[in-house]
Amino acid sequence: MNTTLKNPFQQTGFLTSAANLNQCPPEEGWEVAFAGRSNAGKSSAINAITQQKKLAKTSKTPGRTQLLNFFSVTTDEHRLVDLPGYGYAKVPLAQKKKWEIFIDDYLRHRSSLCGLFLIMDIRHPLTEFDQSILKWTRECELPTHILLTKADKLKFGPAKAARLKVEQALKTSPLASVQLFSGTALTGVEEARNKLAAWLQLG
Ligand code: GDP
């Protein structure tokens, strides 16, 4: 194994936040968005991939942030985008609707978007939220990579079974793939980085 290889995501830094499409940075270069139901482990995944403790804010107040947060990887033309999550009863319906319209707009019309990382808690995969995101990405023919997070919470057998179940559900989505991930045990971090680097044309 070559241990001298550097993590291309280590220099990732905050670029800007956007509350609507007009506030997003210019549609130049490449970006990969991260989506996930609140508390699935999205912030922890972004932090593990970039080897930073606080780049994406892990929050004990689920669904708090309603902004898209853009991060520049090596240059401003290579970006990661943290989409706001939701999924808690506490979030008012009107706010959920607003969120859906914004995300729908973003996923359909953002020309620099080259792929989506969809974060699912391995113990509760394919929620209603996940299904609607997968439907969107299938319709838009957007490559989608699923991280089954918190894989450290399951033993090998149940983790493998969860992965198979998701793979079965993806049979009608030719541009979708899935892997096990743990931001705590650092499982699958290199695999996730390789997928991102390929999509973002890095290296
Ligand atoms: P987000 O709302 O999707 O951004 O979720 P967070 O990243 O804030 O994580 C939600 C909770 O799950 C936090 O208490 C994290 O410490 C925990 N968590 C996230 N990823 C993992 C993981 O891979 N393994 C374990 N055991 N816990 C995790």
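Read the numbers this way: they start at 1 and go in the same order the structure lists the ligands and their atoms.
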| field | Hydrophobic cluster (4.5 angstrom, side-chain heavy atoms) - remaining members for F9 | value |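 F14, W30, V32, F34, I46, I49, L55, F71, V73, L80, F117, I119, L147, F181, L186, V189, L196, W199, L200, L202, which link up through side-chain heavy atoms under 4.5 Å apart, make up the rest of the cluster.
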| message | Taking atom CD as the centre, does Q201 end up with more than 12 heavy-atom neighbours from other residues, nucleotides or ligands that are less than 6.0 angstrom away? | response | yes
Tell me which one of [options] gets a heavy atom nearest to [atom].
| atom | options | value |
| --- | --- | --- |
| atom 12 (O) of ligand 1 | K42, R37, K150 | K150 |
| atom 15 (C) of ligand 1 | P84, S44, A45, G188 | S44 |
| atom 24 (N) of ligand 1 | D152, L180, N39 | D152 |

| field | Test of proximity, F181 against ligand 1: N or O pairs below 3.5 Å | value |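 Between F181 and ligand 1, no N or O pair is found under 3.5 Å apart.
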| message | Checking E139 now: which residues fulfil side-chain contact (heavy atoms from CB on, under 4.5 Å) with it, not counting sequence neighbours? | response |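 Applying side-chain contact (heavy atoms from CB on, under 4.5 Å) to E139 gives R108, K135.
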| said: Yes or no: does G36 have any heavy atom under 4.0 Å from an atom of ligand 1? | reply: no
| message | Using a 4.0 Å cut-off to any heavy atom of G41, which atoms of ligand 1 qualify? | response | 1 (P), 3 (O), 5 (O), 6 (P), 7 (O), 9 (O), 19 (C)
| message | Using 0.5 Å steps for rounding, measure from the OG1 atom of T75 to the CD atom of E77. | response | 5.5 Å
| query | About how many Å separate CD1 of I122 and CG of L148, when rounded to the nearest 0.5 Å? | reply |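 Output value for this atom pair is 5.0 Å.
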